[in-house]
S.K.: 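I have a structure I would like to understand better, so I am pasting it below and will then ask my questions one at a time.
What you see is a predicted model, and the numbers here were worked out from it, not measured in a lab. Lettering of chains follows the sequences in order, A, B, ..., and the numbering in each one begins at 1.
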Amino acid sequence: MTMIQLDQVSRHYVNGTRRVPALSGVSLKIDGGEYVALLGPSGSGKSTLMHVIGCLDRPTAGVYQLDGVDVAGLDSGSLAAIRNRKIGFVFQRFHLMSRLSAWENVALPMRLAGMGLAGRKARAAALLERMGLADRQDHRPHQLSGGEQQRVAVARAVANRPPVILADEPTGNLDSQSGAAIVRLLEEFVAEGHTLVMVTHDLALSRRAGRIVRLKDGCVVRDP
Amino acid sequence: MSMRELVAALREEKGRTLGTLLGLGWGIFAILVMVSFGTGLEELLQHKAANLGPGIAIAFPRRTVLPHEGWEPGRPVLIRREQVESLPAQVAGLASISPEFITFDRLWAGDRVVRVTISGVAPAYAALRTWRVESGGRFVNDVDAAERRRVVVLGNRVKDLLFGREPAVGRWLQLRGNRFLVIGVLAPKLQDSSYSSEDQDRVCIPATTFEEVTGDRFVDALVYRAGAPGNQAQITRRLREALARSCGFSPRDEAALQVWDTAAEARMRSYTFLGLNLMLGGSAVMTLMVGGVGVANLMFIRVRKRTREIGILLALGARPRSILRGVLGETLVLSAAGGLLGAGAAMLVIVGVGVTPLIEDIGVPRVSLPTAAVTVGLLGGVGLLAGWFPARRAAGLDPVQALTE
């Protein structure tokens with residue numbers, strides 16, 4: 001079953017009077033439950049592609065369908081709902097809310113989805129326990145190590161059980177040991193049926209994925 | 001964003017938040033204090049004026065200045081008590097009227113003597129001129145008038161001069177060789193305007209008695225009031241016409257009958273105070289606006305500092321509209337806090353002044369319900385306006401750019 005389908009998707013930025021292409025006619029099809037690594041040098045457009053797939057950015061041309069829905073026609077409120085329910089983001093810089101505790105960070109997507117306090121507290125606690133952070137629930141991000149912060153972020157990404165997890169260089173700010181732990185956690189969710197798209201330029205890491213898509217200058221150059 | 005998060009966030013901006021709250025609070029303080037003091041002063045003056053007589057007019061017969069039916073100008077206008085008593089039948093809408101004879105004479109109580117204003121009046125005078133008599137006494141009544149009784153009602157200061165702290169009702173006085181029975185004493189009152197003398201320095205006797213004791217036949221004043229507050233000017237015109245007919249002066253001769261209309265004066269005063277309150281309130285509203293600019297500024301800074309957080313929220317699925325609402329809500333909470341600060345300080349001043357002796361001169365400052373409602377409305381409006389533009393900026397942020405902050 002196709003989860004993510006891009007047909008000739010382009011994204012240009014306007015810099016002054018110059019049109020800077022970030023994506024040029026990318027076509028890509030990812031099935032539900034796939035584990036895909038997006039590989040490419042910086043400036044290759046992999047982050048832009050990630051943002052388009054995550055509905056944080058809109059293509060300037062082409063068609064993008066997520067779970068069978070063409071997102072081009074959706075208003076900002078509907079896009080927000082899609083990001084909330086269908087996408088889970090893991091960022092290189094963790095992007096946790098500094099004033100919220102670990103469990104509150106995990107519960108944030110559930111709060112935005114309108115879940116009650118008791119329900120989200122219980123699920124956040126369960127997820128943090130699974131991440132090995134049972135004793136860190138009330139810690140603020142600055143009281144956690146980088147690896148721990150990223151594990152909180154992974155728990156937050158899967159809080160609403162989204163079909164798609166998008167990880168943008170999730171190990172980029174971590175030592176190799178912590179990075180490996182994060183990747184193993186993400187792979188657990190693939191095993192449970194989530195689709196994982198991971199941006200990386202770590203060749204060793206990308207080899208663990210079931211499929212490697214290489215980007216260069218805004219185009220897919222290799223997609224075996 | 002919850003209240004706890006807001007408080008935590010604002011603590012990081014302690015100085016700026018405090019300044020903003022003070023700015024807003026100062027605006028609210030200024031509005032409430034200025035308008036409440038204006039209201040208090042207006043009420044005091046109204047109260048004092050009502051103690052001369054609520055909405056009354058007083059007409060004084062003078063000399064003619066216009067020739068009339070062969071008469072040269074300069075004739076005195078002479079009005080008898082009986083003419084005054086016949087006026088209600090001639091002037092429709094005249095609710096109440098009393099003649100007033102006025103003289104200045106000595107009053108004896110044993111070996112004590114005072115020189116006072118003596119007014120000869122009808123029973124209606126008590127209501128017209130707010131002569132409330134202390135308990136145990138009474139004012140001049142119809143029987144006193146009909147029987148020309150030698151009875152007198154004392155102004156409270158006259159009573160104090162003649163009898164000190166002793167009760168006066170039932171005691172006897174000497175006036176022009178006649179014995180007068182004291183039947184009542186005026187309850188003390190605030191009064192800021194008068195003719196001849198203040199009421200505390202005046203005594204009242206029946207008009208009929210006055211005529212008999214002094215031999216005076218012509219009244220010095222007519223005190224009257226229209227039935228409906230709005231048409232006193234019309235009543236005054238009809239009364240002038242009726243008297244012009246019976247006394248023989250031109251109805252166009254304004255000087256022949258000089259009229260002091262306190263209702264018109266009260267209207268004038270209320271316009272003056274409305275103007276004053278609008279001016280004071282208006283300048284205070286400007287202060288509030290400046291406070292609002294401070295709030296908008298603080299919120300812009302907050303939005304800029306929180307750009308990355310807003311990006312995260314958007315990525316996690318927050319709707320732009322809820323971001324907008326969040327910023328607006330924060331602004332309103334801030335505004336409410338500033339408003340409470342200002343209102344609290346204002347209430348301290350208002351209540352504080354209300355218990356000092358100052359109130360005899362400036363009245364009791366009071367926040368009226370409309371003032372409170374308008375102030376709350378203004379604060380809400382300023383808060384919404386101050387929050388709107390930062391909120392729009394926050395809701396319009398591009399999540400991708402916001403996340404790279």
S.K.: Just wondering, more than 12 heavy atoms not from B:Q401 lying within 6.0 Å of its CD?
M.R.: no

S.K.: Within this structure, what is the CG-CZ distance for the pair B:L316 and A:R111, rounded to the nearest 0.5 Å?
M.R.: 11.0 Å

S.K.: Please report the interatomic distance CG(A:N84) to CZ(B:R319), rounded to the nearest 0.5 Å.
M.R.: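 The distance works out to 8.0 Å.
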
S.K.: Between CZ of A:R58 and CG of B:D398, what distance do you get to the nearest 0.5 Å?
M.R.: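 Nearest 0.5 Å value for the CZ-CG distance: 11.0 Å.
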
S.K.: Is the number of heavy atoms from other residues, nucleotides or ligands within 6.0 Å of CZ (B:R269) greater than 12?
M.R.: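 Check passes, neighbour count above 12.
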
S.K.: Under 4.5 Å heavy-atom distance to chain B, tell me which part of A:L96 shows up: side chain, backbone, both or neither.
M.R.: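 The backbone, not the side chain.
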
S.K.: Would you tabulate the side-chain donor-acceptor contacts of residues 363-391 of chain B under 3.5 Å, counting partners in other chains and residues two or more places apart, or write 'none'?
M.R.:
{"from": "B:R366", "atom 1": "NE", "to": "B:E43", "atom 2": "OE1", "distance (Å)": "3.2"}
{"from": "B:R366", "atom 1": "NE", "to": "B:E43", "atom 2": "OE2", "distance (Å)": "3.1"}
{"from": "B:R366", "atom 1": "NH2", "to": "B:E43", "atom 2": "OE2", "distance (Å)": "2.5"}
{"from": "B:S368", "atom 1": "OG", "to": "B:T371", "atom 2": "N", "distance (Å)": "3.3"}
{"from": "B:S368", "atom 1": "OG", "to": "B:T371", "atom 2": "OG1", "distance (Å)": "2.7"}
{"from": "B:T375", "atom 1": "OG1", "to": "B:T371", "atom 2": "O", "distance (Å)": "2.6"}

S.K.: Using 0.5 Å steps for rounding, measure from the CG atom of A:L56 to the CG atom of B:L403.
M.R.: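 Nearest 0.5 Å value for the CG-CG distance: 6.5 Å.
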
S.K.: A quick test of your reading: do over 12 heavy atoms of other residues, nucleotides or ligands sit less than 6.0 Å from CZ of A:R130?
M.R.: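 Counting other residues, nucleotides and ligands, CZ of A:R130 exceeds 12 neighbours.
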
S.K.: Quick one: what part of B:R321 sits under 4.5 Å from any heavy atom of chain A, side chain, backbone, both or neither?
M.R.: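 Nothing of B:R321, per the 4.5 Å heavy-atom cut-off to chain A.
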
S.K.: Got B:V400 and A:T48 here, is their nearest side-chain heavy-atom distance under 4.5 Å?
M.R.: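 No - every pair of side-chain heavy atoms lies 4.5 Å or more apart.
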
S.K.: Return each pair, listed once, that meets side-chain hydrogen bond (donor to acceptor under 3.5 Å, both in side chains) where at least one residue sits in residues 16-35 of chain B; pairs must be two or more places apart or across chains.
M.R.: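 Sorted result for residues 16-35 of chain B: B:E13-B:R16.
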
S.K.: Sort A:H95 into side chain, backbone, both or neither according to what part of it lies under 4.5 angstrom from a heavy atom of chain B.
M.R.: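 Looking at A:H95, backbone and side chain both touch chain B.
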
S.K.: Check whether any side-chain heavy atom of A:R83 lies under 4.5 Å from a side-chain heavy atom of B:L314, and answer yes or no.
M.R.: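 The answer is yes; the side chains approach within 4.5 Å.
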
S.K.: Nearest 0.5 Å, what's the CZ-CE distance between B:R306 and A:M97?
M.R.: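 The CZ atom of B:R306 sits 7.0 Å away from the CE atom of A:M97.
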
S.K.: So with a 6.0 Å cut-off around CD of A:E129, is the heavy-atom count from everything else above 12?
M.R.: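 No, not enclosed.
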
S.K.: If I compare all heavy atoms of A:R156 with all of B:I312, which pair ends up nearest, and what's the gap?
M.R.: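 Looks like NH1-CG2, 3.6 Å.
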
S.K.: With a sphere of 6.0 Å drawn around CE of A:M115, does it hold more than 12 non-hydrogen atoms of other residues, nucleotides or ligands?
M.R.: yes

S.K.: Take atom CD in B:E360; do more than 12 heavy atoms of anything else shown fall under 6.0 Å from it?
M.R.: no

S.K.: Looking at B:A318 and A:A80, what are the two nearest heavy atoms and their distance?
M.R.: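 Looking at all heavy atoms of both residues, the shortest contact is O-CB, 3.5 Å.
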
S.K.: Which atom names give the shortest non-hydrogen contact between A:F91 and B:A315, and what distance separates them?
M.R.: CZ-CB, 4.0 Å

S.K.: Check whether more than 12 heavy atoms from other residues, nucleotides or ligands sit under 6.0 Å from atom NZ of B:K48, and answer yes or no.
M.R.: yes

